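Keep in mind the model is a prediction, meaning the values are calculated, not measured. Here, residue 1 is the first one in the sequence, and each next residue gets the next number. Every number for a ligand or one of its atoms is a count from 1 in the order of the listing.
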Amino acid sequence: MKLIIALYPLFYSLFFPLCGTSSSADDRRWLLSLVDLVELDYVDHCEQRASATWSELTGDSKGLSMKLERDKSFGMFARQQTTDVRSALTAHALAPDDNILRRKVKLLLQPGDTLLETEQWMRLVTFGDTALNKIRFATNYDCDTNTNCTLRELNYNLARQQDEAKQRRMKASWERNLPNITDYLEHILPLLRNASKQNSYNSVEEYWDALGEYEGGLLKARELWDRIKPLYLKLHKYVALRLRGADAVGKPLPIHILRSLSGDDWSNIIENLLPKHAGIYQKVHANLQLKELGGMNVFKRAGQLIKDLNFGEIEPETLTDSVYNSTCPTTLVDWCKPNMMKAVTCKDVSIGNYIEAHEAVMKMKYKEIINLHSNNTYILREAPRYSAIYEAIPGFVSLLSLNPHALNRAGLYSLEIFNYNPNYHRLVLQLIMALRDLPKLNFYLAADEWRLKVLMGSIPYAKIPSSWSEFRKNFSLIESSNTDFLGDPYIIFNKPFLGKFMGVILKYQIYQSYAEELISDESDLISHVAETNERLINTMMQGYGTNWLEMVSDLLAKRENGLEDTALTDYYRLLDEYLDNQLEPANENEMSEDYIDPPIIDTPPDENEIQTSEEATDKTIKVVENVPSHEDIISNVIDIGDESNAKLGIETSTVGVLEIKNPVAAEDHTEGASTKEASYNTYWWIGIGVALAVVVILVAIIARKRHSHRKQLEKQRRENSRA
Ligand SMILES: *[C@@H]1O[C@H](CO)[C@@H](O)[C@H](O)[C@H]1NC(C)=O
Ligand SMILES: *[C@@H]1O[C@H](CO)[C@@H](O)[C@H](O)[C@H]1NC(C)=O
Ligand SMILES: *[C@@H]1O[C@H](CO)[C@@H](O)[C@H](O)[C@H]1NC(C)=O
Ligand SMILES: *[C@@H]1O[C@H](CO)[C@@H](O)[C@H](O)[C@H]1NC(C)=O
């Protein structure tokens with residue numbers, strides 16, 4: 001049917017122009033049906049590319065070659081279709097009120113880098129696909145163990161490595177797997193000049209602004225950064241002070257001591273930075289382990305928050321068909337069809353992965369919501385544009401994942417305890433977020449600015465190969481290598497970070513727009529958003545039908561109609577004050593002593609908390625007996641390593657002093673031993689007075705867990721014998 005529709009105007013146009021009877025209505029019909037057809041072809045390509053990408057990501061031996069083939073033919077197709085659309089676009093094909101069609105035509109005529117000449121496009125995707133495949137599947141990383149390891153293990157071990165020399169070696173082993181820098185600088189990065197020309201822009205900056213659909217976007221980003229920079233610098237000084245002492249303050253920090261590979265996320269060093277009253281961190285960290293909130297569990301948890309926010313359920317297949325034994329950060333694969341999106345991610349439990357999972361699952365929900373609207377045909381769903389809104393709404397949900405009400409709902413931290421010292425707890429939560437978002441903002445802008453500088457020729461040719469580390473030193477106060485930016489897919493594929501940068505700014509504005517509507521700071525933000533989420537849904541529904549910047553005003557309930565840094569800086573008000581006090585020790589005691597002791601014993605773990613971790617088999621409990629402050633008395637902290645932890649012989653950072661092994665009857669242990677090598681190292685920080693009481697509770701908990709575990713084993717045995 002579609003084919004006939006498409007062919008009709010073709011015949012029409014072949015014959016009727018000769019008779020001079022072509023009318024604007026016919027031109028329009030022709031254009032409409034051509035666009036229809038092109039979009040269908042795009043969907044086919046998307047589906048085939050997604051399948052190939054999926055094979056590649058999940059380790060199929062033919063995956064990479066399939067992906068290369070698909071990506072190459074996609075480029076040729078995209079180039080061809082612009083020619084077709086352009087030829088159908090006659091002077092009066094578009095009526096004045098044809099906004100949607102006009103928008104589609106614009107997006108189809110300027111598809112971005114796919115307009116490169118075929119040979120150049122192939123060079124770009126070959127470089128990118130091959131590089132990412134190698135980074136993902138290399139097994140020669142150095143994890144400071146006897147054998148070489150995988151990327152997942154590298155991430156896992158680097159996050160826990162305390163020794164600076166080892167951190168450096170680990171990062172170096174990663175750099176050895178990055179693509180060749182000369183190749184990149186000579187053959188890949190300069191493609192951007194050609195791509196700009198092909199899309200009719202005079203400069204790469206203009207081209208990137210256009211892809212981000214924000215005229216003067218990079219200028220705006222610089223302006224915003226100038227106002228956020230003071231907070232970044234304070235955080236940087238504080239990190240330097242805590243990691244290296246007063247002499248290091250204000251000097252560049254080597255990336256590896258941030259336990260990061262490219263320096264865009266510092267959250268692995270959180271334990272070195274915690275303020276005095278950091279019980280909430282310890283508790284959330286412990287509960288994530290106890291509930292095994294990694295892999296599919298954390299995706300399900302994120303789906304629950306999204307449901308609580310009234311966005312509806314995530315399609316169950318989306319979660320069950322995803323793969324959880326790969327590496328983080330999460331990669332999403334989109335088949336460009338209703339409800340056909342899957343994730344490839346890791347199973348490791350951490351606060352960072354917890355936050356990130358909320359963002360990833362909300363991105364899937366976003367696509368589901370776009371897909372519900374038939375007006376959002378392919379090009380309006382999948383436009384090759386970098387929309388800050390597509391980044392900001394999922395980012396907003398990840399901010400909400402650490403909201404006290406969300407933590408309470410997830411059983412990670414009770415609201416009742418939170419309300420004893422809300423500001424102390426908020427400070428810790430802000431610190432966690434800041435360690436992720438501020439370095440990211442800086443990295444995004446650094447990467448865009450540096451690439452533009454290289455392309456504009458403002459760096460002497462001989463200095464280009466070492467210019468990244470030079471740039472990072474000045475712009476970020478970070479000591480990086482010359483090549484460590486080459487692990488990022490956006491850089492490898494010449495994509496601008498502008499949309500992501502703006503997305504981070506905007507998510508704080510969305511947050512603020514909702515937070516300001518609350519009656520009091522204590523009100524439940526989650527249910528408030530759930531009740532008033534139309535403005536989010538309406539925005540998502542529009543897909544790329546409207547330029548994102550034009551939707552910002554409605555998205556923010558008309559408070560602001562552009563990007564502002566103040567929402568972000570207001571969000572971090574407590575952190576900002578705290579950093580001032582830490583860096584200016586004269587005022588040190590200003591805020592510290594209104595801390596209220598909550599009731600001695602934290603609410604005992606609830607039913608869920610006990611029952612969820614079904615794989616738990618070991619019962620090694622370490623009780624720490626040093627009691628430095630009253631904080632530690634009340635926040636009974638559990639820190640549990642996981643299997644790979646035990647296997648690789650890595651100690652968790654919390655110190656264990658007194659070890660209590662198997663506090664429950666010994667005969668019980670033999671039964672579980674046949675199943676699975678056990679691995680629960682539990683550290684309890686408690687006061688001596690409370691220790692006994694807690695052990696009593698523990699015994700009860702473990703007995704119950706053991707009971708449910710035994711039931712599970714029996715169930716499995718029954719099922720096995722049936723099978
Ligand atoms: C580990 O990787 C290094 C660097 O690629 C290599 O030289 C070494 O032989 C590898 N070791 C093992 C045990 O595979
Ligand atoms: C850009 O295009 C020109 C003309 O087609 C070509 O000569 C040049 O090699 C291209 N640049 C790169 C980096 O491929
Ligand atoms: C990862 O899990 C998938 C199923 O979800 C399985 O097919 C695959 O073999 C696993 N890969 C590894 C490396 O364990
Ligand atoms: C698209 O949306 C407009 C209004 O938003 C509506 O009038 C039109 O019927 C829709 N078209 C399709 C194909 O759903």
Would you mind telling me which of Phe485, Trp225, Phe497 makes a ring-ring contact (aromatic ring centres under 6.0 Å, His included) with Tyr444? Phe497
Test the Lys500-Tyr490 pair against the cation-pi criterion, namely NZ or CZ under 6.0 angstrom from the six-membered ring centroid and within 45° of the ring axis. yes
Within a distance of under 4.0 Å, is there any protein heavy atom near [atom]?
atom                    : value
atom 2 (O) of ligand 2  : yes
atom 13 (C) of ligand 2 : yes
atom 5 (O) of ligand 2  : yes

As an exercise, identify every atom of ligand 2 less than 4.0 angstrom from a heavy atom of [X].
X      : result
Glu117 : 5 (O)
Pro190 : 13 (C)
Leu191 : 12 (C), 13 (C), 14 (O)
Arg123 : 12 (C), 13 (C), 14 (O)

Under a 4.5 Å cut-off applied to non-hydrogen side-chain atoms, are Met540 and Ile393 in contact? yes
Of the listed options Leu192, Asn194, Ile188, closest to atom 8 (C) of ligand 2 (non-hydrogen atoms): Asn194
Below 4.0 angstrom, N of the basic side chain to O of the carboxylate: do Glu368 and Lys365 qualify? yes
Parallel, tilted or perpendicular: which fits the ring planes of Tyr207 and Tyr201, with parallel below 30° and perpendicular above 60°? tilted
Interatomic distance, CD@Gln48 vs NZ@Lys67, rounded to 0.5 Å, equals 13.5 Å
